[in-house]
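Contents: one structure, followed by commentary.
Note that the structure is predicted; figures quoted are calculated from it, not measured. Numbers here simply count residues along the sequence, with the first being 1.
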Amino acid sequence: MTDTQLEASGKADGASGAGGAGRARRLLHGWSANLVQMVLGLSQQLLLIPAFLHVWTGDMLAAWLAIYAAGSLVVVADAGLQLRAINRFLAFKSCADCDGRTASFYSALRRIYLAIIGGLGVLLCVAVVLAPPSVVLGFQATPTFDAAMLVMILGMLLTLPSNLVSGLYRVRGRYGRTVWLQNAALLLGQIAQLAALAMFGSLLAVAIAFVSMQILLAVFLTAFDAPRWFPFLRRAGKSPFVSPSLRWSLGQFRRALPFAVANITELALVNVPVLLVSALVTNRVAVAQWGLTRVIASLVRSLCLQVTLPLAAELGHDHATGDRERLRRLYAHGSVFVTALACLTVAGLLPFWPDFFALWTHGSIPYDAPLTVTLLLGSAAVAPSLLALVFANHSNRGDLLIRTKGLQLVVFLALSVVLIPRLGPLGAALAVVASDILVQFGLLALMVMRQTLHHPFRHIAVLVLMGGAIVASGWLIGQAIIALVPGSGLLHFVVECAIWLAAVGLLASPLLNTALRERLRALIPA
């Protein structure tokens, strides 16, 4: 969510009214707000891998990927409280004492966050002693694995209170400040990781380098920056170490449950497979292979989610104001746009990913074609359902989120337990893709489309035909380029990609014609 999205949700469109100028401006602003953060995410998951492999073996890299995945999962401890806080902060804007009620709620929820950190921190230390992660995940021979895992999870746990600050910044129009501070922390963390890798070379040193910057950011936001921008927070009254009543606290968790279920499932689909493969597959190279291949599929999914967030805010605004016709048109056009973007990205990755994978890993990790094809095609297939998911979050469909995302998590875990021991990483890929298609698309997306569009099944048919045509065309163009431009190395890879982009751009050039675009938009079933 961005400032733009909150603006879109909180007031009517600007001077453009029902026209597209004001809405288009807000959407473009929303998409650009996440660009730098996505680039830094790419550098963490893609560009640092060659540096790690220059110092570490494939086993060490597999261990780091498991540690990083575990740290990423810590966000589930938020339990949806951040979105609950955002909703309450927005509601207080219509109250007589907005600042006072905001400060009181902020202080009470901060005490809940501190209780979460204390309780989970103690449980984490006990769990590491009783069941060392190296034994559970099969990394007994990897030095400092247990200590690095503890540092990573405990460090990320300490950053949880900054979620509350970030939520307040969003509501009060300071979202851009938190994003840029997060970007600065990510950049400094990546530099620190490279320095720790060069100086010490251990998992523990790299984990400390990563989490230290995140902790410093959380402390700065919570203790210094937020009180400076919002002096009313100092009027909260009670000590942050005095817990609110149990009944009130449980009430906050209950109201945050739908958001928590949806977020937990999304995070599980990205990170839990890495841990499950680490635990159930004995071949450490296969574990690294899975982790690296999963990165690119996760990036396709993240790209789609970032695109849908501004769209979801506009859809949520139309839903709240009862503008059904505008909601229906935007949903149909947005669904086509997100699907086309995902399919075009996958169409470019399918032919050239083997060359990039070899350059990326220096040839130390073998390429697995069935695994890659399964994950990438699954990412394209699930793209339309991502818009339905974020729209459900922005239109108060708590019951739908709990039923569908909870079922998806159960289906994914059940399939993983059955398929991973038999098929290895490919079984994990099939479990992820099957749960996405059967539940998130087959239930959640279909239900949202039926409630939103006049012709949902015609719309789905258009998405399938369009997506298939884009993926097939892009893949065939890539295969032709590979056949006509033989070679290897970085320069050859860059030339291949440049030719593919030029060819696709030439094929798409008719879309520059405004009249043609409008005719195509009119053909989209809504």
Exam field: side chain Ser212 to backbone Ala209, donor-acceptor pair closer than 3.5 Å |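 Answer holds: yes.
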
Any donor and acceptor pair, going by atom type alone, linking the side chain of Thr308 with main-chain N or O of Leu305 inside 3.5 Å?
->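 Between the backbone of Leu305 and the side chain of Thr308 there is a qualifying donor-acceptor contact (under 3.5 Å).
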
Salt bridge Asp436-Arg301, side-chain N to carboxylate O under 4.0 Å =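 Yes, Asp436 and Arg301 are salt-bridged.
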
Would you mind reporting whether [Y] and [X] have side-chain heavy atoms less than 4.5 Å apart?
X      : Y      : answer
Ile116 : Leu81  : yes
Leu430 : Leu415 : no
Leu197 : Phe52  : yes

Would the number of heavy atoms belonging to other residues, nucleotides or ligands and lying under 6.0 Å from CZ of Phe356 be above 12?
->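 Yes, enclosed.
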
Please say whether more than 12 non-hydrogen atoms of neighbouring residues, nucleotides or ligands are located less than 6.0 Å from CZ in Arg422.
->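 12 or below, so no.
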
Minimum-distance pair of heavy atoms, taken over all atoms of Thr265 and Gly406 |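 Minimum heavy-atom contact is OG1-N, 4.5 Å.
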
At their closest point, which heavy atom of Leu120 faces which heavy atom of Ala77, and how far apart are they?
->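 Smallest interatomic distance, heavy atoms only, reads CD1-CB, 3.7 Å.
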
For Gln82, side chain to side chain donor-acceptor pair (under 3.5 Å) partners two or more places apart =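 Scan of Gln82 (side chain to side chain donor-acceptor pair (under 3.5 Å), adjacent residues dropped) gives none.
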
Residue pairs involving residues 60-71 (criterion side chain to side chain donor-acceptor pair (under 3.5 Å); sequence neighbours excluded) =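 For residues 60-71, and leaving out neighbouring residues, there are no side chain to side chain donor-acceptor pair (under 3.5 Å) pairs at all.
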
Which of these passes side-chain contact (heavy atoms from CB on, under 4.5 Å) with Leu389: Leu401, Val382, Leu400?
->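 Considering Leu401, Val382, Leu400, a side-chain contact (heavy atoms from CB on, under 4.5 Å) with Leu389 is found only for Leu401.
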
Within 45° cone and under 6.0 Å: Arg397 NZ/CZ vs Phe391 ring |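 Positive - Arg397 is close enough to the ring of Phe391 and near enough to its axis.
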
